[in-house]
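In what follows, a structure is listed as structure tokens, so that the remarks can point back to it.
This one's a predicted model, so the numbers in the text were calculated from it and none came from an experiment. When a residue number appears, it is its place in the shown sequence, counting from 1. Values below: all heavy atoms of this structure, side chains included; hydrogens, waters and symmetry mates excluded. In each ligand, atom 1 is the first atom listed, and ligand 1 is the first ligand listed.
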Amino acid sequence: MSSMTKTTAPIPLSSKPQGSADHGAKTACIRTFGCQMNVHDSDRIRRMIQDAGYAEVQRYEDADLVILNTCYVRENAVDRVKGHLGELNRLRREGRVKRVALTGCIGAAEESATLRQTYDIDLVLGTHNTYELAEFVGLPTMQETYTPELPGTEGGHNAFVTIMTGCNYQCSYCIVPTVRGRMACRPMESVIREVENLVAGGTGYITLLGQTVDAWRHEGKRFCDLLEAVSESAPRVWFTTSHPSNMEDRTLKAIGERDTIVKRLHLPVQSGSDRMLKVMHRGYKAERYRRKIEVFREAARDGTLSTDIIVGHPGETEEDHEQTLRLVEDCAFDSAYIFKFSPRRGTEAASLPGTVPDAVVQRRFLEVLRQVEQNAFTRNQRKVGGEEEIYIRHGSTEDGKAIGETWSGHAVHVKTGAAPGTYMKAKIESAGPHVLYAVEPGTRV
Ligand code: 5AD
Ligand code: SF4
């Protein structure tokens with residue numbers, strides 16, 4: 001069973017192959033694992049391989065080159081990548097796949113050396129040197145061209161803009177500071193220039209990206225200044241991920257006040273217990289987190305709130321767990337990513353005493369999940385019967401359903417032929433814990 005309430009599956013980056021294996025052209029397949037940062041990096045990788053004359057294909061067996069852009073945050077992420085590498089070794093023996101590159105967070109970790117001994121991998125890259133892939137695929141060295149300053153795309157209508165990389169926190173359990181390095185913030189003018197270019201080119205939705213975007217600082221400017229400036233240039237804006245210690249009330253209020261900002265906040269809490277928050281080095285207490293949420297709820301009454309929670313961190317007691325359940329109830333999250341603690345070599349928590357037995361972790365996981373889903377379901381039910389303006393993020397699939405988003409940040413499945421990047425009115429017909437289901441107004445059901 002997945003340890004998250006939401007997607008853990010590799011994210012398909014493009015639904016349509018942009019070339020086919022039988023045209024004799026070079027072909028490449030990119031698989032992305034993990035977070036939005038990786039999705040964004042994969043977009044850059046995609047542009048490189050396209051520039052190098054590769055046609056993108058979706059299946060390993062059609063690909064000359066396979067690029068696995070990986071995640072290292074939890075052990076099951078590594079296990080999944082191992083499964084893919086095993087399959088690729090087999091296809092190689094059959095003469096199908098010719099070359100394999102491993103990029104992303106596993107590439108930046110020591111574990112990549114072990115993987116190299118076991119599997120046939122031609123190139124291993126970390127997170128800071130993906131531009132080296134350019135040479136590997138036969139492009140001239142492109143260090144300047146392929147920097148994180150370049151936009152990522154998601155079908156052109158939605159773009160991810162990286163505003164900072166790395167992280168200056170040292171959360172006990174987290175490998176990110178090791179594999180992504182210390183925080184580096186991109187200058188405001190550079191971000192705004194990119195946003196303006198994207199918008200001029202037809203992008204309708206900008207997501208500002210970084211491990212702790214709200215920690216962004218540059219030449220006396222703070223994250224809220226940047227967000228406000230972007231919200232003036234772009235028709236629709238969101239940002240992720242935030243850290244409670246950096247989240248300013250001013251930013252929470254701006255979310256409510258500014259029409260172009262999606263009223264959706266992702267604010268990882270990790271635990272509801274002050275004792276655990278201290279062990280994790282999170283730098284805040286549960287009460288402070290609760291207060292932030294009050295400000296957000298006040299500022300954006302209809303907004304949606306999501307979080308990350310880890311269950312079974314070493315030393316977590318029943319009392320700690322109860323406090324997490326209480327916090328989940330108080331904050332009434334609209335969704336949550338719930339993770340079972342996974343020891344990462346090189347992190348402090350990997351060598352802490354007080355391992356929580358698997359069966360206990362599983363029970364706590366389900367208890368938190370149930371609590372989150374109950375709240376989310378109740379909140380979503382309140383939307384039924386209403387009419388909302390939604391933005392189409394992904395056009396309709398074979399079943400005729402498109403995926404949209406309300407201004408309050410709810411995901412909506414809607415039967416429509418409306419194109420991605422457009423707005424439409426939708427009538428909410430029903431709701432589950434994760435999504436709303438809608439039809440175009442006037443549709444008979
Ligand atoms: N074990 C479990 N969950 C983790 N996360 C990060 N590292 C670990 C780990 N070692 C979770 C945190 C973080 C999210 C991206 O992944 O909740 O916010
Ligand atoms: Fe990891 Fe903590 Fe940094 Fe988030 S804030 S990336 S959990 S170290």
Whether C171 has an N, O or S atom under 2.8 Å from atom 2 (Fe) of ligand 2: yes

Hey, can you tell me if Y423 and W407 have their rings parallel, tilted or perpendicular (30° and 60° cut-offs)? parallel

Parallel, tilted or perpendicular for Y289 and F333, by the 30°/60° rule? tilted

Counting heavy atoms only, which of F339, Y173, F341 is nearest atom 7 (N) of ligand 1?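 It is Y173 that holds the nearest heavy atom.
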
Atom 4 (C) of ligand 1: of I309, I310, T241, the nearest heavy atom sits on I310

Short list, please: which atoms of ligand 2 are under 4.0 Å from a heavy atom of [X]?
X    : value
C167 : 3 (Fe), 5 (S), 6 (S), 8 (S)
R282 : 2 (Fe), 5 (S), 7 (S)
P177 : 8 (S)
H243 : 5 (S)

If you have a sec, work out which protein heavy atom is nearest [atom] and how many Å separate them, to one decimal?
atom                    : result
atom 18 (O) of ligand 1 : D308 OD2, 2.6 Å
atom 16 (O) of ligand 1 : R74 NH1, 2.9 Å
atom 1 (N) of ligand 1  : S342 N, 2.9 Å
atom 2 (C) of ligand 1  : K340 O, 3.4 Å
atom 1 (Fe) of ligand 2 : C174 SG, 2.3 Å
atom 7 (S) of ligand 2  : Y173 OH, 3.4 Å
atom 6 (C) of ligand 1  : V73 CG1, 3.2 Å

Within the side chain of [X], is there an N or O that forms a donor-acceptor pair under 3.5 Å with the backbone of [Y]?
X    : Y    : result
R46  : I30  : no
T260 : S231 : yes
R264 : T406 : no

Looking only at distances, can you tell me whether any N or O atom of R344, backbone or side chain, sits closer than 3.5 Å to an N or O atom of ligand 1? no

Indicate yes or no: at least one non-hydrogen side-chain atom of R393 is less than 4.5 angstrom from one of Y391. yes

Geometric cation-pi criterion, R31 with Y60: 6.0 Å, 45°: yes

Taking the cut-offs as 6.0 angstrom to the six-membered ring centre and 45 degrees off its axis, would you call R186 and W216 a cation-pi pair? no

For C331 versus L305, what's the shortest heavy-atom pair and its separation?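 Result for this residue pair: O-CD2, 3.8 Å.
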
D259 atom CG, neighbour heavy-atom count above 12 within 6.0 Å: no

Under 4.0 Å from a heavy atom of Q270: which atoms of ligand 1 are those, numbered in the order shown and with their elements? 12 (C), 13 (C), 17 (O), 18 (O)

